[in-house]
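When a ligand or atom number is given, it counts from 1 through the structure's own listing order. All residue numbers in this chain count up from 1 along the given sequence.
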Amino acid sequence: MTEQADTDRLDLWLDGALAGTLQRARGEVTFTYAASYQALRSAPSLSVSIPRQTTTHGPEAVEPWIDNLLPDSDTVRSRWAAQFGERRPTAFNLLRHMGADCAGAVQILPHGDIPADGSGHRPLSEVEIAEHLRELRRDDASWAFARHGGRFSLGGQQGKFALARGADGAWHQPTGRGASTHIVKIGIGGLPRSDAAELVTMRVARRLGLTVAGVEALWFEDQPAVVVERFDRLAEPGGAVRRLHQEDLCQALGLWRTAKYEADGGPGVGDLAALITRAASRHDLAGAREAFARAVAFHWVTAGTDAHAKNYALLHVGSRTALAPHYDLMSAALVLPAREVWHTGRLAMRLGGEYRLRGIAARHLDRAAHELGVEPTWFRHVAREQAAAFPDAVSDVVAQERRLVDGPTAQAFTDGARRRATEALRVLDDATAPATIPPEPSAIWVPAHTRDGRTVDGHWRRRPGTPRATVHP
Ligand SMILES: Nc1ncnc2c1ncn2[C@@H]1O[C@H](COP(=O)(O)OP(=O)(O)OP(=O)(O)O)[C@@H](O)[C@H]1O
Ligand SMILES: [Mg+2]
């Protein structure tokens, strides 16, 4: 093997097993499963879009998949390329340096390297973590611990870094080989209180029946941070940390990160529901479908306007696949003025054909239920319960988080939740809303009424100007 050839090969490990090799040739990257990995009786594929029954996968599947392991921010990518002396910030070039601790069970290493056990961590003092948080607040592209060489890669736009917490509670920097266990976030630059809103929304979601990653607000010196527990890590007795495999729903569909929003040509609710139905294992299917439907309802109820395809994931453990716990949740109703939420709020995915919060009526929920493969009456019931519980859940959670959520913020969050819940309940309680699914997206529901002394039942009517043939009885 020549030196040159080695720079074009990276090994990909899944939970400590060599899963295969990434090979670059003429600028294109392919992936070939190791025969030993294919022979394992119960082990996950790298992706739904890269099944292990097929040995070699081409660039159309592999390139978007590995690209999705990296930060969404091009600034962070360019920074990493400069830091490692790479001329071009391609996924292959960057993962050679930062791929040893990725989302899921993935470790990408130079060909021939062996991943060490978790012993490679460097202890971090509170002073060092606080300093890194200050740096990230000054410049939200400074994800990496530049001076100490911490290695991890995660998706997303927001400033963040990964840390490992020992069984004794002490923090360590993942040097690459050992697994990080937590993700430290500071909120969205330019959107004040978004860190608090994320913490509160995650906590509220759990109260409202969603399965959500653990999250807490921590202080390092004077620096607050939202610290999320990784659901793709498993602490074993004795202190070792195992990696569980996950992939986001863009990865599972073989899509680039640029297609994470439906409005940019990405997947919608129906596409994701179909993916979940296709990918979830038999025992996990009902739970996954219900969990996804509850999340879709939650995002509508709370104005969770950033719930795109990379903010959902599949968890692959052994040969089972389920919907991963929810992460990266934020209700816009907490941080934006109520009028703005109502007038300009748009969901990341259409609900029953409609992005605009103010355009969503009960019939859109019914249509969404249809796409989700759940009963419309159940879906409405879930949304109604969530809307009824949302304001009190917010006021309870903010009361528990008084250090991060100060008095005026607590008041603003509670007021915002109440207003949004009122809007959602108004839609749900609209007595004229039909319980059936419209025959076509533009059909109009005519509520029951009396005419010339006779009762006319509620019925669908063709929107004026649409050809008669498109309306079914
Ligand atoms: N609790 C968690 N456990 C495991 N992986 C997680 C967890 N939270 C986030 N991730 C991974 O890290 C990625 C980035 O995290 P997250 O979505 O919270 O960041 P973000 O920058 O706010 O994203 P966005 O650009 O969508 O706003 C996720 O896409 C997911 O792969
Ligand atoms: Mg995200």
Next item on the list: Would you please classify the geometry between the Trp65 ring and the His245 ring as parallel, tilted or perpendicular, with 30° and 60° separating the classes?
Entry: tilted
Next item on the list: Anything under 30° is parallel, anything over 60° is perpendicular, the rest tilted; go ahead and classify Phe292 against Tyr312.
Entry: perpendicular
Next item on the list: Return the protein residues near ligand 1 (heavy atom under 4.0 Å from any of its atoms), ordered by chain and residue number.
Entry: Ala103, Leu154, Gly155, Gly156, Gln157, Gln158, Lys160, Ile183, Lys185, Ala213, Val228, Glu229, Arg230, Phe231, Asp232, Gln246, Lys260, Asp306, His308, Lys310, Asn311, Tyr327, Asp328
Margin query: Can you classify the ring geometry of Phe31 versus Tyr33 as parallel (below 30°), tilted (30 to 60°) or perpendicular (above 60°)?
Written below: perpendicular
Notebook entry, point to check: With the threshold set at 4.0 Å, does a side-chain nitrogen-carboxylate oxygen contact exist between Arg358 and Glu423?
Noted result: no
Could you pull out all donor-acceptor pairs under 3.5 Å where a side-chain atom in residues 330-347 meets a protein atom, sequence neighbours excluded?
residue: Ser331; atom: OG; partner: Thr302; partner atom: O; Å: 2.6
residue: Ser331; atom: OG; partner: Ala333; partner atom: N; Å: 3.2
residue: Thr344; atom: OG1; partner: Glu340; partner atom: O; Å: 2.7

Checklist line | Residues in side-chain hydrogen bond (donor to acceptor under 3.5 Å, both in side chains) contact with Gln251, at least two apart in sequence or another chain | finding: none
Notebook entry, point to check: Are the charged groups of Arg138 and Glu131 less than 4.0 angstrom apart, N to O?
Noted result: yes
Checklist line | Count of N, O or S atoms belonging to protein, less than 2.8 Å from the Mg ion (ligand 2) | finding: 2
Notebook entry, point to check: Does atom CZ of Arg88 have more than 12 heavy-atom neighbours, drawn from other residues, nucleotides or ligands, at distances under 6.0 Å?
Noted result: no
Check: Taking 4.0 angstrom as the limit, do Asp72 and Lys260 come out as a salt bridge?
Finding: yes
